[in-house]
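Since the structure is predicted, the reported quantities are computational estimates derived from the model, not experimental observations.
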Amino acid sequence: APQPELGVPLSPRAFFWLVSLLLASLIWFVSVHLSDREDAKLQYGLLVFGAAVSVLLQEAFRFAYFKLLKKADEGLATISEDGRSPISLRQMAYVSGLSFGIISGVFSVINILADSIGPGIVGIHGDSPYYFITSAFLTMALVLLHTFWGVIFFDACEKRRYWCLGLVVASHLLTSGLTFLNPRYEASLVPIFIITLCTGLWAFITAGGSFHNVLKCLSCKQEDDSRVMMYSALQVPFED
């Protein structure tokens, strides 16, 4: 598995997402087999129900992973020399959200890539010829959203901002629900990218970003540190 900057593999984080997917799949599978398969409206409703359950389970396991990391963070702080953990909450939130997004994107696009090699041609029976490119953009938005949601979710859990948790879950449910508008891609892709942009700005501010920092980064200027000047002026005392 790839190793992120924290030195911790992505596989434990991906495992939590996979468990949530497995439980959601089992719930949907049992619901379908216990219902009337000839009722098309009922089956469509069960599909929507399964998507909602999957989103709720993903967020529940995101919270469970936060609690696990919190315990690990406290353990690292107790054994460190200065009493502080070497890993910050923002780093954990970013890596956790990114790993959730990567594994979610892989599962979203793997079947589409398998179908793209044939046989058959997309659009030959009147279907949209933009199916693959739209799926790629939706997967990209999903990976970004999970990264942003991870940053906001962890910060909300740490500061006990329950309304932020509710907004994260609601935006996740809304994004998942918009995909049911396909193949009307303009009705789903545009709102999802608007949600992605707004959530990205929210995550940027939550992580401590500001417009001043952006300008300083673009201008490639560094502020002088007075402490460096002070330390450089110190002289080693003469020995007797």
task: Can you run down the salt bridge (Lys or Arg N to Asp or Glu O under 4.0 Å) pairs that involve residues 55-69, sequence neighbours left out, and say none if there aren't any?
output: E59-R62
Test log, rule side chain to side chain contact (heavy atoms under 4.5 Å, CB included), inputs E158 and K70: CA-CA 9 Å; E158 181 70 14; K70 193 65 177 176; 2.7 Å; yes
task: Using the test ring pair (Phe, Tyr, Trp, His ring centres under 6.0 Å), find all partners of F66 that sit at least two apart in sequence or belong to another chain.
output: F154
message: Within this structure, what is the OG-CG distance for the pair S31 and L42, rounded to the nearest 0.5 Å?
response: 9.5 Å
- line: So CG of D155 and CD1 of I205: to nearest 0.5 Å the spacing works out to 12.0 Å
query: What's the shortest heavy-atom distance between L165 and A156, and which atoms?
result: CD2-CB, 3.6 Å
message: Could you work out, with salt bridge (charged side-chain N to carboxylate O under 4.0 Å, His left out) as the rule, every residue matching K41, not counting sequence neighbours?
response: none
field: Path from L167 to F63 over hydrophobic side-chain contacts below 4.5 Å
entry: yes
query: So with a 6.0 Å cut-off around CZ of F49, is the heavy-atom count from everything else above 12?
result: no
Can you give each donor-acceptor pair under 3.5 Å made by side-chain atoms of residues 194-204, sequence neighbours left out, with the distance rounded to 0.1 Å?
from: T196; atom 1: OG1; to: I192; atom 2: O; distance (Å): 2.8
from: T199; atom 1: OG1; to: I195; atom 2: O; distance (Å): 2.6

- line: Interatomic distance, CE@M140 vs OG@S108, rounded to 0.5 Å, equals 13.5 Å
query: Under a 4.5 Å cut-off applied to non-hydrogen side-chain atoms, are F107 and W17 in contact?
result: yes
message: On a heavy-atom basis, which atom in L142 and which in S104 lie closest, and how many Å separate them?
response: CD2-OG, 3.1 Å
task: Kindly say whether Y131 contributes a backbone atom to a donor-acceptor pair with the side chain of T134 at under 3.5 angstrom?
output: no
Those residues that, when tested against R184, pass side-chain hydrogen bond (donor to acceptor under 3.5 Å, both in side chains) (two or more places apart): none
statement: Here the pair of heavy atoms bringing A207 nearest to V151 is CB-CG1, 4.3 Å
message: Quick check on the hydrophobic clustering: are L68 and F15 connected, directly or via other members, by side-chain heavy-atom contacts under 4.5 Å?
response: yes
- prompt: Would you say T179's side chain and S176's backbone share a donor-acceptor pair under 3.5 angstrom?
  reply: yes
- prompt: What's the spacing between L145 CG and I152 CD1 if we round to 0.5 Å?
  reply: 9.5 Å
task: Output the distance between atom CD (Q58) and atom CG (L173), rounded to the nearest 0.5 Å.
output: 10.0 Å
- prompt: To the nearest 0.5 Å, how far apart are CZ in F16 and CG in L21?
  reply: 15.0 Å
- request: Indicate if F193 and F148 have the same hydrophobic cluster label, given that clusters are the connected sets of ILVMFWY residues with side-chain heavy-atom separations under 4.5 angstrom.
  value: yes
- request: Using the six-membered ring wherever Trp is involved, compare the ring planes of Y65 and F100 and label them parallel, tilted or perpendicular (cut-offs 30° and 60°).
  value: tilted
message: Side-chain heavy atoms nearer than 4.5 Å, only ILVMFWY residues, links allowed to pass through others: does that put I102 and V95 together?
response: yes
query: What is the ring orientation for W149 with H146, classed by angle as parallel under 30°, tilted 30 to 60°, or perpendicular over 60°?
result: perpendicular
Criterion side chain to side chain contact (heavy atoms under 4.5 Å, CB included) against V53, the qualifying member of L26, L23, I27: I27
query: Which atoms form the tightest heavy-atom contact between L178 and P191, and what is the distance?
result: CD1-CB, 3.7 Å
message: Whether the side chain of Q43 engages the backbone of D36 through a donor-acceptor N/O pair (distance < 3.5 Å, no angle test) should be reported.
response: yes
query: Given the rule that I, L, V, M, F, W and Y join up when any side-chain heavy atoms are under 4.5 Å apart, are F61 and L18 in one cluster?
result: yes
- prompt: Does H33 reach the main-chain N or O of F29 with its side chain, forming a donor-acceptor pair under 3.5 Å?
  reply: yes
message: Looking at S171, is its backbone amide N or carbonyl O close enough to the side chain of T175 to form a donor-acceptor pair, meaning the two atoms are under 3.5 Å apart?
response: yes
query: Which residues satisfy the side-chain hydrogen bond (donor to acceptor under 3.5 Å, both in side chains) test with S188, sequence neighbours excluded?
result: N182
